[in-house]
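A short worksheet on the structure shown next.
Numbers restart at 1 for each chain; the letters A, B, ... are given by sequence-line order, proteins then strands.
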Amino acid sequence: MRLVTWNVNSLKARWPRVPELLDAHAPDVVCLQETKLAADAFPHAALAELGYVAVESSQGRWNGVALLVREGLTVADVSDELPGNPVPEEARWIEATVEGVRVASVYVPNGREVASEWYPRKLDFLAAMRDRLAPVVAAGPTVVAGDFNVAPEDQDVWDLAAFPEGATHVTGPERAAVAALVDLGMVDAQRAVQPQGEAFTWWDYRGGAFHRGHGLRIDLALVAGLGVTAVTVDRDARRNNAAGDKPSDHAPVVVDLSR
DNA sequence: ATGTCACGCTGGGCGTGA
């Protein structure tokens with residue numbers, strides 16, 4: 001099974017680059033985040049023309065997650081319920097069973113600043129994920145992929161000095177919350193194939209961050225009950241393309257899994 | 001250089017979020 005996770009930063013704005021992604025990688029499943037579309041605006045018909053069926057949790061202006069599944073694969077037991085979610089009004093979680101694999105697309109809250117009210121909500125969201133995933137991992141093959149808004153290790157940050165006291169994404173509690181998911185019996189797919197070295201997935205739009213290598217690895221795929229045979233970050237998708245279609249600030253991560 | 005993008009509301013810029 002080939003799975004891609006991609007924070008599109010608006011599916012409407014990114015639409016010209018969706019066929020490009022599907023052509024380039026021919027994924028079985030795509031986990032999308034930040035679709036920023038209302039449910040009645042979700043492009044189900046256009047995706048069907050590309051050979052994909054979508055299930056989604058949509059909100060409108062902000063957030064929004066989806067699973068795109070290649071036509072012909074079995075999809076069952078779709079749910080956007082995350083018990084204990086501290087922000088249930090925000091569309092940040094969708095899961096379904098695809099060909100017997102429980103797959104979730106997640107958009108973890110940003111957290112903004114450690115001193116803000118949003119930081120503890122981020123930690124509570126990650127704790128809710130742990131509680132939800134514990135029985136799922138115990139039950140069978142599982143993938144949870146998306147924008148975790150946490151850089152798990154120092155090597156996942158271009159410069160720690162850019163994250164002084166009070167900055168999120170690199171704090172001990174955030175990293176411990178992600179480690180607690182791994183401790184359920186999951187592996188961080190990128191680190192399963194490449195234990196050391198940069199594999200950034202996000203670069204700020206500002207300041208020429210992509211060109212300067214100022215990135216973070218915050219888009220993760222955690223896997224249980226399956227082998228990980230390859231993981232690549234599609235950096236071409238972060239560049240401007242020949243047609244001038246703007247990129248997301250996140251690159252897609254392509255994950256190959258084996259039974 | 002906090003230097004960009006995308007949204008909604010608007011009636012051509014601003015507030016919000018990342």
Worksheet item: How close or far is atom C1' of B/dG17 from atom CZ of A/R92, stated in whole angstroms?
Response: 10 Å

Worksheet item: Where each residue is assigned the nucleotide of DNA chain B containing its nearest heavy atom, which of A/N63 and A/G60 is assigned the position nearer the 5′ end?
Response: A/G60

Worksheet item: Does A/R112 make a side-chain N or O approach to OP1 or OP2 of B/dA18 shorter than 4.0 Å?
Response: yes

Worksheet item: Which ILVMFWY residues can you reach from A/V108 by hopping between side chains whose heavy atoms are under 4.5 Å apart?
Response: A/L82, A/V87, A/W93, A/V106, A/F125, A/L126, A/M129, A/L133, A/V137, A/V144, A/F148, A/V150, A/V178, A/L181, A/V182, A/L184, A/M186, A/L220, A/L222

Worksheet item: When we call it a touch if two heavy atoms are under 4.0 Å apart, what does A/F210 touch: a base, just sugar-phosphate, or nothing?
Response: nothing

Worksheet item: Contacts to DNA chain B from residues 118-130 of chain A, heavy-atom cutoff under 4.0 Å, which residues?
Response: none

Discussion item. Categorize A/R14 for me: base, sugar-phosphate, or nothing, with a 4.0 angstrom heavy-atom threshold over every strand shown.
Written reply: sugar-phosphate

Worksheet item: Less than 4.0 Å between a side-chain N and a carboxylate O, is that true for A/R217 and A/D188?
Response: yes

Response to the item:
In whole angstroms, the gap separating P of B/dG17 from CD of A/E89 amounts to 13 Å

Worksheet item: Counting only N and O atoms by type, is there a donor-acceptor contact under 3.5 Å from the side chain of A/D23 to the main-chain atoms of A/E20?
Response: no

Worksheet item: What's the CG-C1' distance between A/D147 and B/dA18, to the nearest Å?
Response: 10 Å

Fill in: Heavy-atom closest pair, residues A/Y205 and A/P247
OH-O, 2.9 Å

Worksheet item: Between A/R121 and A/D124, does at least one N-O distance fall below 4.0 Å, as a salt bridge requires?
Response: no

Practice prompt. Just jot down the side-chain contact (heavy atoms from CB on, under 4.5 Å) partners of A/D256, sequence neighbours excluded, or say none.
Written response: A/R2, A/T229, A/A230

Worksheet item: Would you call A/R212 and A/D204 a salt bridge, taking side-chain N to carboxylate O under 4.0 Å as the test?
Response: no

Practice prompt. Report the distance from atom CH2 of A/W15 to atom C1' of B/dA6, rounded to the nearest whole Å.
Written response: 18 Å

Worksheet item: Could you give the CG-to-P distance, from A/N7 to B/dA18, as a whole number of Å?
Response: 11 Å

Fill in: Atom-to-atom span, CG of A/D249 to P of B/dA6 - whole angstrom
9 Å

Discussion item. Just the rounded figure in Å: distance from C1' of B/dC5 to CZ of A/R239.
Written reply: 19 Å

Worksheet item: In terms of the nearest nucleotide of DNA chain B, which residue is placed more toward the 5' end: A/W62 or A/L11?
Response: A/L11

Worksheet item: Could you state the CD-C1' distance from A/Q59 to B/dG8, rounded to the nearest angstrom?
Response: 14 Å

